[in-house]
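Note sheet for the following structure.
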Amino acid sequence: MTIRVRFAPSPTGHLHIGGLRTALFNYLFAKKEGGAFILRIEDTDEERSTRESVDAIYQGLMWAGLTWDEGPMPDGSVKGNFPPYYQAQRADMGIYKKYIDQLLAEGKAYKCYCTPEELEEMRQKAHAEHRPPRYPGKCRNLTKEQQAELEAQGRKYVIRFKMPTEGETVFNDLIRGEVRFANRDLYDLVIQKTSGYPTYNFACVVDDHLMEMTHIIRGDDHISNTPAQIQMYRALGWKEPIFAHLSMIHGPDGTKLSKRHGDTSVIEYKRQGFLPEAMINYLALLGWSTPDSQQLFAPGELEEKFDIKGCQKSPAVFDTVKLMWMNGDYIRQLSSKELLNRAKPFIEEAGIAKGVDEGRLEQIVALEQEKYKTLREIPDLISFFFTAEVKFDEAAVNKVFKTETAKKALELMIDKYGALQDFTEQTLEQTARTAAKEAGLKAGQIFHPVRVSVSGRTNGPTLFKMLEYMGKDMVLKRMRAALRYC
RNA sequence: GUCUCGUUCGUCUAGCGGUUUAGGACGCCGCCCUCUCAAGGCGGAGAUCACGGGUUCGAAUCCCGUACGAGACGCCA
């Protein structure tokens, strides 16, 4: 049997880091096992589901390169043999209703007429009496007459699933091993809302079965839903899939990663200048590892090496610092052409280097490639190439220009460089070194003032390449202008 | 409160009864390289393997408790 797994997000907000990681593990598992990765949109929450959120999910997955083999496509088309892949559409087709009716007919589900207010009251009471705040089964054994009476009053109802009250539900989780729940701790959960829509737990079971999922890989936060879902599979006469519960991602404070920890949306990381391949590599390592604890993976290597056995049971703290390092590493591996392509949106957004020749811009961007941790910092680091005047860093001026030899050095180099025909890296360096020797100065006493005079900064790219790319006119102009600071 | 799960350097982790003076990575510190900053190379500090019992000739590794943490307990998913 071919392996089929799915990512089933609910479109009620941005696709966040945790969701992307769940998608990733499903994706990798499918790739590794030669199975199919399916996208299903769980939009049975009529109030919170939005079109924008669906778009955010598409965008996030596509950015990360997690292509799905089946599911709805951003252009409105559908791929796969089990459409539709939107649960709301499936609900409208009566797919869930059919199984609800079946359970009702078999006495495995019942109508519950309790109002939200009554439910809340029961929960309060349970809390006060130190009992678990679960539905106590008030409508479970209503007679036909009682039901008729309640309906005559115009009462709305939900459908609840009859959970077994004895025995236990045991399953073998691929990551956590055997997990057991006493059935007495289960409760009669709602499977159909008053609106007629199914609830998550029910729709999920029906679709996972109908779509022939073999493995359910999802967050740990679903582990307590699992015994209930298993009971529903059994009541419907279906075989349950194999479950694997991924550990959570935590923030620095040790609690589940959420808005509280800042903007965790995937698109925000794109905006911050992270490379999708770095993000994926980092996320893969959160709660998963190879036996040799490999850190960096070449393209395609994760798909090849992924093994669900390497998944961690305990939660992992999301570490932005390590992500930054990894992102820097991926940036360093880019060709200068590719680096420019990736950097372009950020450069454009910063509004610098307009109309600059592509080839020249590529050279300039590549000049400090080893320094970038994110694409977003690129504009700031290269902007001095394109400004009309140098913006001097005060500390740099004090440190480098306020010396006895700075003025002399600059005047000397204005003279020497002014006479140069061949304004290229090698000649530039040679000229500077010779001049230093002749004047009895150390190389640094020349280099540093020149650097600050043209860039305003004390740290920057390798000096002579920088001068070459800047060009003779600009270099001389800037050195002369800098004289007044000495 | 109830249920479930978890606990190895600050963080991500390797480890699956003896090869462990517990290995790697990020971060941190130092040195080297060097026109600055990075990058790179080399080295260092950093974990009584949560705690307490057991099993065993031998335990981070197996078992039982305790503590702490997290998650779940919705007509949300």
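Convention: sequence-line order gives letters A, B, ...; per-chain numbering from 1.
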Cationic tip of Arg160(A) within the cone over Tyr135(A)'s six-membered ring, i.e. under 6.0 Å and within 45° of the normal? yes
Just to verify, what does Tyr330(A) make a side chain to side chain donor-acceptor pair (under 3.5 Å) with, not counting sequence neighbours? Asn281(A)
Looking only at atom C1', what distance separates A14(B) and A22(B), rounded to whole Å? 10 Å
Less than 4.0 angstrom between a side-chain N/O of Lys256(A) and OP1 or OP2 of A72(B), yes or no? yes
Salt bridge check: are Lys313(A) and Asp220(A) linked by an N-O gap of less than 4.0 Å? no
Regarding Lys305(A) and Gln294(A), do their side chains bring together a donor and an acceptor under 3.5 Å, going by distance alone? yes
hbond_proxy Ser10(A) side chain to C76(B) base (donor-acceptor, 3.5 Å cutoff): no
Looking only at atom C1', what distance separates G74(B) and A67(B), rounded to whole Å? 32 Å
On a whole-Å scale, what distance lies between the P atoms belonging to C62(B) and G41(B)? 36 Å
Pair partner, C28(B) [Watson-Crick or wobble, under 3.5 Å]: G44(B)
When you compare C28(B) with C9(B), how far apart are their C1' atoms, in angstrom units rounded to a whole number? 12 Å
Expressed as a whole number of Å, how far does the P atom of U19(B) sit from that of A59(B)? 11 Å
Test Asp43(A) against Ser10(A) for side chain to side chain donor-acceptor pair (under 3.5 Å), laying out the working first. CA-CA 6 Å; Asp43(A) 52 351; Ser10(A) 61; over 6 Å; no
Value in whole Å for how far the C1' atom of G74(B) lies from CD of Gln192(A): 17 Å
Please report the distance separating the C1' of G27(B) from the corresponding atom of A45(B), rounded so that it comes out in whole Å. 13 Å
Lys373(A) vs A39(B): side-chain N/O to OP1/OP2 distance below 4.0 Å: yes
Whole-angstrom distance between U7(B) and G52(B), as gauged at atom C1': 15 Å
Does anything in residues 222-233 of chain A reach RNA chain B, meaning a heavy atom under 4.0 Å, and if so which residues? His222(A), Ser224(A), Asn225(A)
I'd like the C1' distance from G23(B) over to C33(B), given in whole Å. 28 Å
Under 30°, 30 to 60°, or over 60°: which ring-plane class applies to Tyr485(A) and Phe392(A), parallel, tilted or perpendicular? tilted
Could you check whether the side chain of Thr462(A) and the base of C35(B) have a donor-acceptor pair of N or O atoms closer than 3.5 Å, going by distance alone? yes
For the side chain of Arg176(A) and the base of C5(B), is some donor closer than 3.5 Å to an acceptor across the two? no
Sequence neighbours excluded, the answer for ring pair (Phe, Tyr, Trp, His ring centres under 6.0 Å) partners of Phe181(A) is none
